[in-house]
Amino acid sequence: MKIYSWKALMRGLILIYLPITLIGVLFNCLSELLLISFFLHIVWHYYYLKLLNNWLWNSKSTVLPHGKSDWEHAFVGIHNMQQRHRKRRNNLASVISRFREGSEALPDAVVVFHKSGEIIWCNRLAQFQLGFKWPGDSGDNITNLIRNPLFVEHLQSEDYDKPLDLASPVNHDKILEFRVMPYAKHQRILIVRDVTTYRQIAEQRRHFVANVSHELRTPLTVLQGYIEILGMQSEEGSRQEKAVAVLEQQTTRMCSLVEQLMTLSKIEGAPSIDLDDKVNVPALLSQIENEAQALGRKKKLQIKFAVEDNLQLLGDEMQLRSAMANLVYNAVNYTPKGGAIKVIWRSCSTGAYFCVMDNGDGIAPEHILHLTERFYRVDESRSRDTGGSGLGLSIVKHALSHYDTELNIESNLGEGSQFSFIIPNSYLI
Ligand code: ADP
């Protein structure tokens, strides 16, 4: 294969024109000889230029015409470029076909579309689950096919962190989870999963827990009544008095567990926050402060509340109370005698900041990620002593999810803990 070099090009030129110049000088006909040589040289070049143009514009053959000398370099160069392009095109085609095969094998519907909405490609499940027609719908705007205003709003928001649950546009009894992700340059990929069964199971579990807790409430109240009567009848220091005290303690624990289970299922099943209701947070925190002071008196805890007056919210008072009270009571329960607790409620640049700090025993890092799981307790025996069920932080997490925020936990063993969250500006009055 001829490799191009400008030196070889120059050498060729010298090899042609040096003898011609010498002959011209020798026979005293330099200008005539040079003119004829230039003319023949141009004709020769034009011949190969014609060959190349014919091949580029008219020929269907993939085989390049043969070139001589300088043109051989040009033809070999074009041939090499052609080979590289063909290889790249084949690679690209195999990547696309692998992507399509992979997407077809997925158990989810996949749609690739432009940032502006035009559909580029979809798999077979998208046709089945979303009712798309392929290739008929290619180039159509996705919002013309999925017309749900929530989906349109979700696309426009460009905030795709959370998936969106919507009824299927084909079958309204089905719930589909829509997940949009930025893909390649100016493209989006939509992955749609049928979550009807998961959602139904979660709903059934929630109903079951709510019903069982509700049904347990009445017998527990009856039990508590009889235990109180038994307590009044038992003699001081007798075995019966001790047994009744244990019974009383355990039924109180069961009652609080039932209450917490009911609160959790109520918060889990609650629709999104109603922004017509006002919550007077300073008044709410003043009640929680009184309760915390009463609870912490025995342990001589120093409890301080720094609350910004008039910093009120829109939303659900029960949910907010559950979140704030659980964090404050946890601090009271898990801070040893003589400890200090500080509660802060103040405005910040992104919204309203709530924080509970204590200088208790702290929590080891390996537990922190699991604290908001149901029934998760760091130290079961200690939790049992405080009457803890392991549901408190799970309630906090669910209540905060309705306010589009998350619980932030910082803790160091032996130094204390800090539980905080920020309610976004959109909920402030
Ligand atoms: P519980 O009802 O057992 O208190 P929570 O869900 O409220 O359940 O808390 C989960 C666990 O987190 C608790 O068992 C406790 O070990 C730990 N915890 C919560 N708050 C604190 C705190 N302020 N200091 C130390 N540990 C805490």
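Side chains included, hydrogens not; waters and symmetry mates left out as well; all remaining heavy atoms used. Every number for a ligand or one of its atoms is a count from 1 in the order of the listing.
- Considering backbone and side-chain atoms alike, Asp358 places an N or O below 3.5 Å from some N or O of ligand 1.
- The shortest distance between side-chain heavy atoms of Phe419 and Leu393 falls below 4.5 Å.
- Each of the atoms 3 (O), 14 (O) of ligand 1 lies under 4.0 Å from some heavy atom of Arg377.
- Every residue two or more places apart in sequence or in another chain was checked for a salt bridge (charged side-chain N to carboxylate O under 4.0 Å, His left out) with Asp277, and none qualifies.
- With ligand atoms numbered from 1 in the order given, ligand 1 contributes 11 (C), 12 (O) to contacts under 4.0 Å with heavy atoms of Leu371.
- Between Leu130 and Leu145 there is no side-chain heavy-atom pair separated by less than 4.5 Å.
- The shortest N/O to N/O separation between Gly390 and ligand 1 falls below 3.5 Å.
- Taking the side chain as every heavy atom from C-beta outward, Gln418 and Ile409 never approach each other to under 4.5 Å.
- Applying the side-chain contact (heavy atoms from CB on, under 4.5 Å) criterion to Gln224, with sequence neighbours excluded, gives Thr251, Thr252, Cys255.
- Ligand 1 has an N or O atom lying under 3.5 Å from an N or O atom of Tyr334, backbone or side chain.
- The N/O atoms of Asp379, backbone and side chain alike, include none that comes under 3.5 Å of an N/O atom in ligand 1.
- In terms of heavy atoms, Gly67 sits closest to Tyr48 at CA-CE2, 3.7 Å.
- Of all heavy-atom pairs between Ser389 and Leu257, the closest is CB-CD1, 3.3 Å.
- For the residues Ile395, Ile363, Asn330, the heavy atom positioned nearest atom 27 (C) of ligand 1 is part of Ile363.
- Assignment of Gly360 to the shell around ligand 1 is not supported, since no heavy atom sits closer than 4.0 Å.
- Within the listing of ligand 1, atoms 1 (P), 2 (O), 3 (O) sit less than 4.0 angstrom from a heavy atom of Ser389.
- Contact between Tyr329 and Leu295 at its shortest, heavy atoms only, is CD2-CD1, 3.8 Å.
- The contact set between ligand 1 and Phe419, taken as ligand atoms under 4.0 Å from a residue heavy atom, comprises 20 (N), 21 (C), 22 (C), 23 (N).
- Residue-ligand proximity, Tyr376 to ligand 1, at heavy-atom distances under 4.0 Å covers atoms 10 (C), 11 (C).
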